[in-house]
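Structure first, then comments.
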Amino acid sequence: MSNYYSKISGWGMYVPERVLTNHDLAQMVDTSDEWIVTRTGIRERRIAAEGQATVDMSLRATQQALERAGLQADDLDLIILATSTPDYLCPPASSVLQDRLGASRAGAMTLVAGCTGFLYGLITAAQFVQTGAYRHVLVVGGETLSYAMDWTDRNTCVLFGDGAGAVIVSRSDQPGGLQTMMLGSDGSGWDALLLPGIGSITPLTPEVLENKGHKLKMNGRAVFKFATRVMVEAVTQVVTEAGLTMNDIDLLIPHQANERIIDLAIRRLGFDREKVMVNLDRYGNTSAASVPLALCEALDQGRLRPGDRVVMVAFGAGLTYAACLWEWQPEEVSEEPILVTNWPVPESLRETAQQVRTAAWRMQVQARAKASDAAMAIMLPLYTFRKGVKKRLGK
Ligand code: UT7
(Lines give C-alpha, C1' and ligand atoms only; values in the text may rest on other atoms or scores of the structure.)
Protein backbone atom coordinates (compact mmCIF):
# COMPACT_ATOMS: atom_id res chain seq x y z
CA MET A 1 0.00 0.00 0.00
CA SER A 2 1.16 3.53 -0.71
CA ASN A 3 2.51 5.64 2.12
CA TYR A 4 0.97 8.85 0.80
CA TYR A 5 -1.58 10.05 -1.70
CA SER A 6 -1.10 12.17 -4.79
CA LYS A 7 -2.92 15.37 -5.65
CA ILE A 8 -2.76 17.95 -8.40
CA SER A 9 -1.95 21.10 -6.48
CA GLY A 10 -1.59 23.42 -9.47
CA TRP A 11 -2.37 23.54 -13.17
CA GLY A 12 -1.70 25.91 -16.04
CA MET A 13 -1.93 26.17 -19.80
CA TYR A 14 -0.62 28.24 -22.64
CA VAL A 15 -1.61 28.39 -26.30
CA PRO A 16 -0.04 30.74 -28.85
CA GLU A 17 -2.01 33.77 -29.98
CA ARG A 18 -2.09 32.98 -33.68
CA VAL A 19 -5.28 31.18 -34.76
CA LEU A 20 -5.29 29.14 -37.96
CA THR A 21 -8.86 28.37 -39.06
CA ASN A 22 -10.14 25.68 -41.40
CA HIS A 23 -10.93 28.46 -43.87
CA ASP A 24 -7.28 29.58 -43.75
CA LEU A 25 -6.21 25.99 -44.47
CA ALA A 26 -8.60 25.75 -47.41
CA GLN A 27 -6.50 28.53 -48.99
CA MET A 28 -3.35 26.45 -48.52
CA VAL A 29 -4.33 22.86 -49.46
CA ASP A 30 -7.19 21.09 -51.25
CA THR A 31 -9.57 20.88 -48.27
CA SER A 32 -12.66 22.57 -46.86
CA ASP A 33 -14.08 23.64 -43.52
CA GLU A 34 -16.93 21.18 -44.08
CA TRP A 35 -14.57 18.20 -44.61
CA ILE A 36 -12.44 19.00 -41.57
CA VAL A 37 -15.39 19.63 -39.24
CA THR A 38 -17.37 16.54 -40.24
CA ARG A 39 -14.35 14.19 -40.29
CA THR A 40 -12.59 15.51 -37.16
CA GLY A 41 -14.62 18.12 -35.26
CA ILE A 42 -11.71 20.58 -35.50
CA ARG A 43 -12.51 24.21 -36.42
CA GLU A 44 -9.26 25.99 -35.62
CA ARG A 45 -5.86 25.46 -34.03
CA ARG A 46 -3.09 27.65 -32.54
CA ILE A 47 0.26 28.11 -34.24
CA ALA A 48 3.46 29.16 -32.45
CA ALA A 49 4.98 32.50 -33.41
CA GLU A 50 8.28 32.65 -35.23
CA GLY A 51 11.01 31.64 -32.79
CA GLN A 52 8.52 30.38 -30.18
CA ALA A 53 9.33 26.79 -29.24
CA THR A 54 8.17 24.02 -26.92
CA VAL A 55 10.08 25.21 -23.86
CA ASP A 56 8.72 28.77 -24.24
CA MET A 57 5.15 27.49 -24.11
CA SER A 58 5.90 24.93 -21.39
CA LEU A 59 7.44 27.69 -19.26
CA ARG A 60 4.29 29.83 -19.50
CA ALA A 61 2.06 26.89 -18.55
CA THR A 62 4.36 25.95 -15.67
CA GLN A 63 4.49 29.47 -14.24
CA GLN A 64 0.70 29.47 -14.05
CA ALA A 65 0.68 26.02 -12.40
CA LEU A 66 3.26 27.05 -9.80
CA GLU A 67 1.35 30.21 -9.00
CA ARG A 68 -1.88 28.27 -8.52
CA ALA A 69 -0.12 25.79 -6.24
CA GLY A 70 1.48 28.61 -4.26
CA LEU A 71 4.91 27.13 -4.95
CA GLN A 72 8.27 28.42 -6.14
CA ALA A 73 10.38 26.76 -8.85
CA ASP A 74 12.80 25.78 -6.09
CA ASP A 75 10.12 23.63 -4.45
CA LEU A 76 10.13 21.24 -7.42
CA ASP A 77 11.84 17.88 -6.89
CA LEU A 78 11.43 16.61 -10.43
CA ILE A 79 10.48 17.93 -13.87
CA ILE A 80 8.92 15.61 -16.44
CA LEU A 81 8.42 17.24 -19.82
CA ALA A 82 6.49 15.12 -22.30
CA THR A 83 7.05 16.17 -25.90
CA SER A 84 7.76 14.80 -29.36
CA THR A 85 8.84 18.24 -30.57
CA PRO A 86 11.68 19.27 -28.23
CA ASP A 87 13.64 22.47 -28.85
CA TYR A 88 16.70 20.33 -29.59
CA LEU A 89 17.25 16.60 -30.07
CA CYS A 90 20.02 17.06 -27.49
CA PRO A 91 20.04 18.40 -24.74
CA PRO A 92 16.75 17.24 -23.22
CA ALA A 93 14.06 19.93 -23.39
CA SER A 94 13.37 19.29 -19.69
CA SER A 95 16.84 20.61 -18.78
CA VAL A 96 16.31 23.76 -20.84
CA LEU A 97 12.96 24.24 -19.06
CA GLN A 98 14.63 23.69 -15.69
CA ASP A 99 17.16 26.40 -16.47
CA ARG A 100 14.51 28.88 -17.65
CA LEU A 101 12.45 28.16 -14.52
CA GLY A 102 15.41 28.34 -12.14
CA ALA A 103 14.33 25.05 -10.56
CA SER A 104 17.85 24.29 -9.41
CA ARG A 105 16.96 21.49 -6.95
CA ALA A 106 14.98 19.40 -9.43
CA GLY A 107 15.90 16.37 -11.49
CA ALA A 108 14.70 16.70 -15.07
CA MET A 109 13.71 14.28 -17.78
CA THR A 110 12.08 14.45 -21.17
CA LEU A 111 9.52 11.79 -21.88
CA VAL A 112 8.74 10.75 -25.45
CA ALA A 113 5.56 8.71 -25.73
CA GLY A 114 3.77 10.61 -28.49
CA CYS A 115 0.34 11.95 -27.58
CA THR A 116 0.32 9.60 -24.57
CA GLY A 117 3.37 11.33 -23.06
CA PHE A 118 1.52 13.50 -20.56
CA LEU A 119 -0.35 10.55 -19.05
CA TYR A 120 2.85 8.48 -18.88
CA GLY A 121 4.37 11.46 -17.02
CA LEU A 122 1.41 12.01 -14.70
CA ILE A 123 1.31 8.35 -13.68
CA THR A 124 5.09 8.32 -13.16
CA ALA A 125 4.92 11.48 -11.05
CA ALA A 126 2.22 9.95 -8.85
CA GLN A 127 4.49 6.98 -8.08
CA PHE A 128 7.24 9.31 -6.85
CA VAL A 129 4.97 11.25 -4.50
CA GLN A 130 2.97 8.27 -3.25
CA THR A 131 6.10 6.45 -2.14
CA GLY A 132 7.16 9.59 -0.29
CA ALA A 133 10.32 9.99 -2.36
CA TYR A 134 9.30 13.43 -3.64
CA ARG A 135 6.97 16.23 -2.57
CA HIS A 136 6.31 18.14 -5.79
CA VAL A 137 6.73 16.89 -9.36
CA LEU A 138 6.06 19.08 -12.38
CA VAL A 139 4.49 17.31 -15.36
CA VAL A 140 4.23 19.23 -18.61
CA GLY A 141 2.93 18.27 -22.04
CA GLY A 142 4.24 20.74 -24.60
CA GLU A 143 4.34 20.61 -28.39
CA THR A 144 5.29 22.75 -31.36
CA LEU A 145 3.76 20.47 -33.96
CA SER A 146 3.52 23.24 -36.54
CA TYR A 147 7.25 22.82 -37.06
CA ALA A 148 6.82 19.12 -37.94
CA MET A 149 3.95 19.69 -40.37
CA ASP A 150 4.16 19.33 -44.11
CA TRP A 151 1.94 22.27 -44.97
CA THR A 152 1.24 20.77 -48.40
CA ASP A 153 -0.08 17.45 -46.99
CA ARG A 154 -3.82 17.74 -46.31
CA ASN A 155 -3.82 14.33 -44.59
CA THR A 156 -1.90 15.72 -41.62
CA CYS A 157 -1.69 19.51 -41.61
CA VAL A 158 -5.38 20.04 -40.83
CA LEU A 159 -5.18 17.97 -37.63
CA PHE A 160 -2.47 19.35 -35.40
CA GLY A 161 -1.80 22.47 -33.31
CA ASP A 162 0.63 23.94 -30.77
CA GLY A 163 0.36 24.51 -27.02
CA ALA A 164 1.36 23.38 -23.53
CA GLY A 165 -0.34 22.27 -20.33
CA ALA A 166 1.24 21.69 -16.93
CA VAL A 167 0.31 20.24 -13.56
CA ILE A 168 2.10 19.98 -10.24
CA VAL A 169 1.64 16.57 -8.65
CA SER A 170 2.11 16.91 -4.90
CA ARG A 171 2.32 14.53 -1.99
CA SER A 172 -0.78 14.49 0.20
CA ASP A 173 -1.99 12.90 3.43
CA GLN A 174 -5.59 13.15 2.28
CA PRO A 175 -7.02 10.25 0.27
CA GLY A 176 -7.47 11.00 -3.41
CA GLY A 177 -5.36 11.38 -6.52
CA LEU A 178 -4.28 8.44 -8.65
CA GLN A 179 -6.52 5.41 -8.04
CA THR A 180 -5.88 3.01 -10.93
CA MET A 181 -3.79 3.23 -14.08
CA MET A 182 -2.53 1.36 -17.10
CA LEU A 183 0.34 2.04 -19.49
CA GLY A 184 0.22 0.35 -22.88
CA SER A 185 2.27 0.11 -26.02
CA ASP A 186 1.96 -1.79 -29.29
CA GLY A 187 5.34 -1.34 -30.93
CA SER A 188 4.20 -3.22 -34.03
CA GLY A 189 2.52 0.04 -35.08
CA TRP A 190 5.68 2.16 -34.75
CA ASP A 191 5.57 3.29 -38.38
CA ALA A 192 1.94 4.50 -38.32
CA LEU A 193 3.03 7.91 -37.01
CA LEU A 194 6.55 8.79 -37.95
CA LEU A 195 9.15 11.50 -38.49
CA PRO A 196 11.33 9.31 -40.71
CA GLY A 197 14.24 11.64 -41.37
CA ILE A 198 15.21 12.80 -37.87
CA GLY A 199 17.23 10.37 -35.78
CA SER A 200 20.25 8.11 -35.75
CA ILE A 201 18.91 5.79 -38.44
CA THR A 202 18.91 8.48 -41.13
CA PRO A 203 21.79 10.92 -41.48
CA LEU A 204 20.33 14.34 -42.26
CA THR A 205 21.15 14.98 -45.90
CA PRO A 206 19.86 17.46 -48.50
CA GLU A 207 17.88 14.52 -50.02
CA VAL A 208 16.14 13.82 -46.71
CA LEU A 209 15.12 17.46 -46.46
CA GLU A 210 14.02 17.54 -50.09
CA ASN A 211 11.82 14.45 -49.52
CA LYS A 212 10.40 16.10 -46.38
CA GLY A 213 11.80 13.36 -44.16
CA HIS A 214 11.70 15.86 -41.28
CA LYS A 215 7.91 16.17 -41.56
CA LEU A 216 5.27 14.01 -39.89
CA LYS A 217 3.86 11.07 -41.86
CA MET A 218 0.75 9.27 -40.67
CA ASN A 219 -1.39 6.31 -41.57
CA GLY A 220 -4.60 7.95 -40.35
CA ARG A 221 -6.89 4.96 -40.78
CA ALA A 222 -4.56 2.62 -38.87
CA VAL A 223 -4.30 5.08 -35.98
CA PHE A 224 -8.08 5.60 -36.00
CA LYS A 225 -8.74 1.85 -35.70
CA PHE A 226 -6.12 1.43 -32.99
CA ALA A 227 -7.37 4.45 -31.05
CA THR A 228 -11.01 3.39 -30.80
CA ARG A 229 -10.01 -0.12 -29.69
CA VAL A 230 -7.47 0.85 -27.01
CA MET A 231 -9.55 3.71 -25.63
CA VAL A 232 -12.35 1.27 -24.82
CA GLU A 233 -9.97 -1.34 -23.39
CA ALA A 234 -7.96 1.13 -21.29
CA VAL A 235 -10.96 2.97 -19.81
CA THR A 236 -12.72 -0.32 -19.03
CA GLN A 237 -9.59 -1.59 -17.29
CA VAL A 238 -9.03 1.40 -14.99
CA VAL A 239 -12.72 1.72 -14.08
CA THR A 240 -13.15 -2.02 -13.43
CA GLU A 241 -9.95 -2.24 -11.40
CA ALA A 242 -11.30 0.51 -9.15
CA GLY A 243 -14.40 -1.61 -8.53
CA LEU A 244 -16.56 1.00 -10.27
CA THR A 245 -18.83 1.30 -13.30
CA MET A 246 -18.99 4.01 -16.00
CA ASN A 247 -21.87 5.64 -14.07
CA ASP A 248 -19.48 6.30 -11.16
CA ILE A 249 -17.21 8.44 -13.34
CA ASP A 250 -17.91 12.18 -13.26
CA LEU A 251 -15.72 13.27 -16.17
CA LEU A 252 -13.84 11.65 -19.03
CA ILE A 253 -10.90 13.55 -20.51
CA PRO A 254 -9.83 11.81 -23.71
CA HIS A 255 -6.91 12.69 -25.95
CA GLN A 256 -8.25 15.35 -28.32
CA ALA A 257 -7.44 13.87 -31.73
CA ASN A 258 -10.73 13.42 -33.51
CA GLU A 259 -14.31 13.84 -32.29
CA ARG A 260 -15.35 10.73 -34.24
CA ILE A 261 -12.82 8.63 -32.32
CA ILE A 262 -14.17 9.99 -29.03
CA ASP A 263 -17.81 9.45 -30.02
CA LEU A 264 -17.22 5.90 -31.20
CA ALA A 265 -15.31 4.98 -28.05
CA ILE A 266 -17.87 6.42 -25.62
CA ARG A 267 -20.71 4.74 -27.50
CA ARG A 268 -18.93 1.39 -27.07
CA LEU A 269 -18.25 2.18 -23.42
CA GLY A 270 -21.85 3.25 -22.80
CA PHE A 271 -20.51 6.52 -21.44
CA ASP A 272 -22.68 9.63 -21.11
CA ARG A 273 -21.60 12.24 -23.73
CA GLU A 274 -22.43 15.08 -21.32
CA LYS A 275 -19.61 13.90 -19.07
CA VAL A 276 -16.91 14.06 -21.76
CA MET A 277 -14.54 17.02 -22.04
CA VAL A 278 -13.96 18.09 -25.64
CA ASN A 279 -12.03 21.19 -26.72
CA LEU A 280 -10.41 19.94 -29.94
CA ASP A 281 -12.66 22.25 -31.97
CA ARG A 282 -10.47 25.17 -30.82
CA TYR A 283 -7.02 23.59 -30.54
CA GLY A 284 -6.93 20.55 -32.84
CA ASN A 285 -4.64 17.72 -31.80
CA THR A 286 -1.85 19.11 -29.64
CA SER A 287 -0.36 15.67 -28.93
CA ALA A 288 1.20 15.53 -25.44
CA ALA A 289 -0.41 18.89 -24.58
CA SER A 290 -3.93 17.76 -25.39
CA VAL A 291 -4.95 16.06 -22.12
CA PRO A 292 -3.52 18.79 -19.83
CA LEU A 293 -5.10 21.54 -21.96
CA ALA A 294 -8.47 19.79 -21.67
CA LEU A 295 -7.94 19.23 -17.93
CA CYS A 296 -7.14 22.92 -17.36
CA GLU A 297 -10.20 24.05 -19.28
CA ALA A 298 -12.43 21.52 -17.48
CA LEU A 299 -11.23 22.97 -14.16
CA ASP A 300 -11.72 26.55 -15.33
CA GLN A 301 -15.25 25.65 -16.43
CA GLY A 302 -16.00 24.13 -13.00
CA ARG A 303 -16.53 20.68 -14.48
CA LEU A 304 -14.35 19.02 -11.87
CA ARG A 305 -15.21 19.35 -8.19
CA PRO A 306 -13.64 18.02 -5.00
CA GLY A 307 -14.20 14.27 -4.71
CA ASP A 308 -15.07 13.84 -8.41
CA ARG A 309 -13.65 10.87 -10.30
CA VAL A 310 -12.05 11.71 -13.61
CA VAL A 311 -10.73 9.23 -16.15
CA MET A 312 -8.01 10.43 -18.52
CA VAL A 313 -7.12 8.37 -21.57
CA ALA A 314 -4.73 8.90 -24.46
CA PHE A 315 -3.14 7.15 -27.45
CA GLY A 316 -0.49 8.12 -29.96
CA ALA A 317 2.80 7.47 -31.71
CA GLY A 318 4.47 4.23 -30.73
CA LEU A 319 1.73 3.19 -30.81
CA THR A 320 1.32 3.97 -27.13
CA TYR A 321 -1.76 4.29 -24.94
CA ALA A 322 -2.54 4.90 -21.29
CA ALA A 323 -5.38 5.67 -18.92
CA CYS A 324 -5.82 6.55 -15.29
CA LEU A 325 -8.61 7.11 -12.83
CA TRP A 326 -7.93 10.16 -10.69
CA GLU A 327 -9.97 11.17 -7.69
CA TRP A 328 -10.00 14.95 -7.61
CA GLN A 329 -8.71 15.84 -4.20
CA PRO A 330 -11.33 16.68 -1.58
CA GLU A 331 -11.08 20.07 0.09
CA GLU A 332 -8.20 19.97 2.54
CA VAL A 333 -9.39 18.52 5.84
CA SER A 334 -7.93 20.41 8.76
CA GLU A 335 -5.31 18.50 10.70
CA GLU A 336 -6.94 19.90 13.83
CA PRO A 337 -9.67 17.65 15.24
CA ILE A 338 -13.00 19.49 15.27
CA LEU A 339 -14.04 20.08 18.88
CA VAL A 340 -17.05 21.72 20.46
CA THR A 341 -15.02 23.22 23.21
CA ASN A 342 -12.39 25.90 23.58
CA TRP A 343 -10.43 23.91 26.13
CA PRO A 344 -6.90 23.01 25.17
CA VAL A 345 -6.67 19.53 23.63
CA PRO A 346 -4.00 17.18 24.97
CA GLU A 347 -1.45 16.12 22.36
CA SER A 348 -2.24 12.41 22.93
CA LEU A 349 -5.90 12.99 22.03
CA ARG A 350 -4.88 14.83 18.87
CA GLU A 351 -2.70 11.86 17.86
CA THR A 352 -5.48 9.37 18.58
CA ALA A 353 -7.91 11.34 16.42
CA GLN A 354 -5.39 11.36 13.60
CA GLN A 355 -4.79 7.59 13.96
CA VAL A 356 -8.54 6.86 13.85
CA ARG A 357 -8.92 8.98 10.76
CA THR A 358 -6.01 7.27 8.98
CA ALA A 359 -7.31 3.79 9.93
CA ALA A 360 -10.76 4.67 8.54
CA TRP A 361 -9.24 5.74 5.22
CA ARG A 362 -7.10 2.61 5.02
CA MET A 363 -10.19 0.43 5.59
CA GLN A 364 -11.96 2.29 2.82
CA VAL A 365 -9.04 1.77 0.41
CA GLN A 366 -8.77 -1.95 1.31
CA ALA A 367 -12.51 -2.45 0.80
CA ARG A 368 -12.27 -0.83 -2.59
CA ALA A 369 -9.30 -3.02 -3.56
CA LYS A 370 -11.27 -6.15 -2.58
CA ALA A 371 -14.28 -5.01 -4.61
CA SER A 372 -11.93 -4.36 -7.52
CA ASP A 373 -10.41 -7.88 -7.31
CA ALA A 374 -13.90 -9.39 -7.28
CA ALA A 375 -14.97 -7.31 -10.28
CA MET A 376 -11.81 -8.25 -12.20
CA ALA A 377 -12.37 -11.95 -11.43
CA ILE A 378 -15.76 -11.68 -13.17
CA MET A 379 -14.91 -9.23 -15.95
CA LEU A 380 -11.56 -10.58 -17.17
CA PRO A 381 -12.73 -14.12 -18.19
CA LEU A 382 -15.74 -12.52 -19.93
CA TYR A 383 -13.49 -10.06 -21.70
CA THR A 384 -10.97 -12.75 -22.75
CA PHE A 385 -13.82 -14.99 -23.96
CA ARG A 386 -15.30 -12.14 -26.04
CA LYS A 387 -11.90 -11.35 -27.52
CA GLY A 388 -11.36 -15.05 -28.40
CA VAL A 389 -14.74 -15.29 -30.12
CA LYS A 390 -14.07 -12.09 -32.07
CA LYS A 391 -10.66 -13.40 -33.14
CA ARG A 392 -12.16 -16.69 -34.33
CA LEU A 393 -14.80 -14.81 -36.28
CA GLY A 394 -12.00 -12.70 -37.76
CA LYS A 395 -13.45 -9.39 -36.46
O1 UT7 B 1 -2.88 11.61 -31.85
C2 UT7 B 1 -2.86 10.56 -32.74
C3 UT7 B 1 -2.67 11.18 -34.07
N4 UT7 B 1 -3.49 10.77 -35.13
C5 UT7 B 1 -4.81 10.54 -35.14
O6 UT7 B 1 -5.49 10.50 -34.17
C7 UT7 B 1 -5.41 10.33 -36.48
C8 UT7 B 1 -6.46 9.27 -36.50
N9 UT7 B 1 -7.12 9.24 -37.79
C10 UT7 B 1 -8.05 10.16 -38.14
O11 UT7 B 1 -8.40 11.00 -37.37
C12 UT7 B 1 -8.68 10.02 -39.50
O13 UT7 B 1 -8.29 8.81 -40.10
C14 UT7 B 1 -8.33 11.21 -40.45
C15 UT7 B 1 -9.02 12.46 -39.97
C16 UT7 B 1 -6.84 11.40 -40.53
C17 UT7 B 1 -8.85 10.91 -41.84
O18 UT7 B 1 -10.25 10.68 -41.81
P19 UT7 B 1 -10.87 9.43 -42.56
O20 UT7 B 1 -12.32 9.51 -42.45
O21 UT7 B 1 -10.18 8.20 -42.02
O22 UT7 B 1 -10.46 9.72 -44.06
P23 UT7 B 1 -9.63 8.79 -45.04
O24 UT7 B 1 -8.20 8.76 -44.65
O25 UT7 B 1 -10.35 7.50 -45.17
O26 UT7 B 1 -9.76 9.62 -46.38
C27 UT7 B 1 -11.00 9.77 -47.05
C28 UT7 B 1 -10.78 10.72 -48.23
C29 UT7 B 1 -9.54 10.39 -49.06
O30 UT7 B 1 -9.85 10.61 -50.40
P31 UT7 B 1 -10.17 9.36 -51.36
O32 UT7 B 1 -8.92 8.52 -51.32
O33 UT7 B 1 -11.36 8.68 -50.77
O34 UT7 B 1 -10.41 10.01 -52.68
C35 UT7 B 1 -8.54 11.43 -48.62
O36 UT7 B 1 -7.61 11.75 -49.62
O37 UT7 B 1 -10.59 12.05 -47.74
C38 UT7 B 1 -9.42 12.60 -48.34
N39 UT7 B 1 -8.82 13.56 -47.43
C40 UT7 B 1 -9.20 14.86 -47.41
N41 UT7 B 1 -10.11 15.56 -48.13
C42 UT7 B 1 -10.25 16.86 -47.84
C43 UT7 B 1 -7.88 13.36 -46.51
N44 UT7 B 1 -7.63 14.50 -45.87
C45 UT7 B 1 -8.42 15.45 -46.41
C46 UT7 B 1 -8.61 16.81 -46.16
N47 UT7 B 1 -9.53 17.47 -46.90
N48 UT7 B 1 -7.91 17.47 -45.23
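Counting begins at 1 with the first residue of the sequence. We count ligands from 1, going down the list as the structure has it; atoms in each ligand are counted the same way.
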Using heavy-atom distances only, which candidate in Leu145, Leu319, Leu159 approaches atom 16 (C) of ligand 1 most closely? Leu159

Proximal candidate to atom 1 (O) of ligand 1 [heavy atom criterion; set Arg154, His255, Gln256]: His255

Protein contact to [atom] [nearest heavy atom, distance to 0.1 Å]:
atom                    : result
atom 39 (N) of ligand 1 : Trp35 CZ2, 3.4 Å
atom 14 (C) of ligand 1 : Asn258 ND2, 4.5 Å
atom 33 (O) of ligand 1 : Arg221 NH2, 4.8 Å
atom 20 (O) of ligand 1 : Arg39 NH1, 2.8 Å
atom 8 (C) of ligand 1  : Gly220 O, 3.5 Å
atom 5 (C) of ligand 1  : Val223 CG1, 3.6 Å
atom 47 (N) of ligand 1 : Thr31 OG1, 2.7 Å
atom 6 (O) of ligand 1  : Ala257 CB, 3.3 Å

Contact atoms of ligand 1, heavy-atom distance to [X] under 4.0 Å:
X      : value
Cys115 : 1 (O), 2 (C)
Thr40  : 15 (C)
Phe315 : 2 (C), 6 (O)
Arg260 : 18 (O), 20 (O)
Val158 : 48 (N)

Using heavy atoms and a threshold below 4.0 Å, how should the contact between [X] and ligand 1 be classified: side chain, backbone, both, or neither?
X      : value
Leu193 : side chain
Phe224 : both
Asn285 : side chain

Measure from [atom] to the protein's non-hydrogen atoms and state whether any distance is below 4.0 Å.
atom                    : answer
atom 28 (C) of ligand 1 : no
atom 31 (P) of ligand 1 : no
atom 24 (O) of ligand 1 : yes
atom 36 (O) of ligand 1 : yes
atom 10 (C) of ligand 1 : yes

Between [X] and [Y], does any side-chain N to carboxylate O distance fall below 4.0 Å?
X      : Y      : result
Arg60  : Asp162 : no
Asp263 : Arg273 : yes
Asp56  : Arg100 : yes

His136 and Val169, any side-chain heavy atoms less than 4.5 Å apart: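 With C-beta onward as the side chain, the pair stays apart.
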
Which atom of Ala322 lies closest to which atom of Leu183, heavy atoms considered: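 Heavy atoms of Ala322 and Leu183 come nearest at CB-CD2, 3.9 Å.
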
Would the distance check show the side chain of [X] and the main-chain N or O of [Y] forming a donor-acceptor pair, the cut-off being under 3.5 Å?
X      : Y      : answer
Thr83  : Gly142 : yes
Thr202 : Pro196 : yes
Arg43  : Asp281 : no
Asn258 : Arg39  : yes

Under the 6.0 Å and 45° cation-pi test, does Lys275 pair with Phe271? yes

[Y] and [X] side chains, donor-acceptor separation under 3.5 Å:
X      : Y      : result
Thr286 : Glu143 : no
Thr156 : Lys215 : no
Asn3   : Thr131 : no
Thr144 : Thr54  : yes

